[in-house]
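By convention in this document, chain letters (A, B, ...) are assigned in the order of the sequence lines, proteins followed by strands, and residues within each chain are numbered from 1.
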There are 2 protein chains.
Amino acid sequence: MLRLLQAEFADVTISKIRFLESEGLVTPGRTASGYRKFSAADVDRLRYVLAAQRDQYLPLKVIKEHLGAIDRGLSPAAAGPPVAPSSLPQTPGQPVADDFGAAGTELRLTREELRSAAGVSAELLGELESHGLVVARGNHYDGDAIVIAKVAADLAGYGLEPRHLRAFRTAADREVGLIEQVTGPRRTEQTGELAALTVRLHTALVRSRLPRP
Amino acid sequence: MLRLLQAEFADVTISKIRFLESEGLVTPGRTASGYRKFSAADVDRLRYVLAAQRDQYLPLKVIKEHLGAIDRGLSPAAAGPPVAPSSLPQTPGQPVADDFGAAGTELRLTREELRSAAGVSAELLGELESHGLVVARGNHYDGDAIVIAKVAADLAGYGLEPRHLRAFRTAADREVGLIEQVTGPRRTEQTGELAALTVRLHTALVRSRLPRP
DNA sequence: CTCAACCCTCGACCAGCGGTTGAGGTCCCA
DNA sequence: TGGGACCTCAACCGCTGGTCGAGGGTTGAG
């Protein structure tokens with residue numbers, strides 16, 4: 001069976017297969033005396049693993065998850081290729097990464113810098129400020145303001161204007177209030193962790209309540 | 001510009017970017033005094049690199065080839081996912097993390113499976129249900145329920161119990177209500193996009209309102 | 001029964017990737 | 001003119017994905 005796979009994958013060795021087994025990617029049967037006995041299904045599985053490594057460069061951890069998904073009757077989500085650069089309208093992107101750790105020095109943008117970084121009109125920005133969505137700290141704005149302004153601009157494209165977004169502000173305020181009740185008003189190690197958790201909770205709740213596809 | 005990318009990719013650091021430059025993946029301009037000066041195109045390029053790493057697990061060597069191909073006007077060959085072994089019932093995948101795209105077949109877990117997947121006590125799960133945080137759909141639970149239950153368990157470690165989390169439920173309901181006002185009660189292409197946007201808005205708002213480090 | 005050719009396990013070791021760290025120095029503007 | 005942000009370069013590091021070898025059992029041909 002080793003020869004069989006070697007026909008297809010040049011660099012497979014016994015030790016590699018043993019290693020893959022030790023990582024839980026295959027679990028061949030055993031003979032009475034302890035020799036491995038590979039079924040056709042085991043060989044298919046190995047083929048899948050080796051192909052995923054060679055052709056998709058996937059790390060074993062991810063391949064293992066895929067196999068797990070396949071076992072449970074799902075098919076692994078194959079992330080498409082990222083959007084090529086130099087196509088400018090990048091805005092509708094991934095949700096913001098859940099990083100609430102202590103950022104280094106904060107970005108300090110002037111109002112004009114913020115406007116151009118987010119690509120929003122002065123008018124929209126004004127509205128966002130008057131509804132308390134974007135706030136300046138001593139006449140400078142930080143990186144979150146960029147994200148907020150960009151998203152607000154996108155939402156405007158769906159007919160949602162700043163005034164419709166006030167509820168988000170109050171929800172966020174309440175969320176932060178809750179966090180501060182737990183960790184106190186000063187920023188600590190826990191503050192970021194807690195924020196990451198609550199935001200995850202929020203995200204999952206929203207998703208779970210969306211109409212089913 | 002570092003902060004700009006950090007909004008999208010949590011773990012980018014200055015040293016990482018310098019490393020990427022040393023590997024020839026970006027070549028930002030320099031000021032007279034030797035400081036790096038990143039053009040919008042450079043930032044796009046970095047975005048591409050980081051997205052490829054995070055979402056496709058591509059090694060830098062491969063990403064570099066892709067970039068080279070793009071520069072020469074080609075589009076990078078994206079290897080499709082390998083053929084699944086032993087062709088089990090192929091159903092579209094489980095939504096990963098913050099993916100609001102049209103999920104295919106949902107995960108369907110029994111209560112007990114959910115409990116063990118999330119690692120929570122029957123008691124906690126009961127409370128979560130009675131507060132409407134976790135809901136069964138015809139006595140099965142989906143993947144979001146796992147996330148919700150796990151996070152709730154973590155939050156319990158901070159003294160936040162299910163009853164403290166009701167506000168999250170109502171906030172999520174309102175958010176979904178708003179989305180449905182725009183896209184209608186049926187799930188469409190837009191529903192997911194809009195949800196991703198609002199969740200991003202929420203996240204950025206929370207972060208912006210956290211006490212400064 | 002014996003011997004060669006396999007197979008097993010387990011722990012030590014290893015190379016490369018993808019960065020991080022720190023020392024030593026420059027730049028710049030408040 | 002002080003301090004914070006930036007520079008370079010070399011050393012270091014942790015993790016992944018294995019390989020190697022010692023020590024020992026199994027199998028089948030002769």
Hey, are B:Asp42 and B:Arg36 close enough for a salt bridge, meaning a charged N less than 4.0 Å from a carboxylate O? no
N/O (side chain, A:Arg36) to phosphate O (OP1/OP2, C:dC8) under 4.0 Å: yes
Pick the nucleotide of DNA chain D nearest each of A:Ser33 and B:Ile14; which residue has the one closer to the 5' end? B:Ile14
Looking across every strand, which nucleic acid part, if any, lies under 4.0 Å from B:Leu20 by heavy atom: base, sugar-phosphate, or nothing? nothing
Charged N to carboxylate O under 4.0 angstrom, A:Arg54 versus A:Asp11? no
If you pin A:Thr31 and A:Glu23 to their nearest nucleotides in DNA chain D, which one's is more 5'? A:Glu23
The side chain of B:Arg30 lies closest to which of these nucleotides: C:dC8, C:dT20, D:dT8? D:dT8
Salt bridge present between A:Arg30 and A:Glu21 (N-O < 4.0 angstrom): yes
Compare the minimum distances between each of D:dG25, C:dG19, D:dT19 and the side chain of B:Phe19, then state the nucleotide with the smallest one. C:dG19
Is A:Gln53 close enough to D:dT16 that one of its side-chain N or O atoms is under 4.0 Å from OP1 or OP2 there? no
Can you tell me which nucleotide in C:dT9, D:dA5, D:dG17 comes closest to the side chain of A:Arg18? C:dT9
Under 4.0 angstrom between B:Thr13 side-chain N/O and C:dT20 OP1 or OP2: yes
For A:His131 and A:Pro162, work out which heavy atoms get closest and say how close. ND1-CB, 3.8 Å
Nearest-neighbour nucleotide for the A:Lys16 side chain, C:dT20, D:dG18, C:dT9 considered: D:dG18
Whole-Å distance between D:dA5 P and B:Ile17 CD1? 16 Å
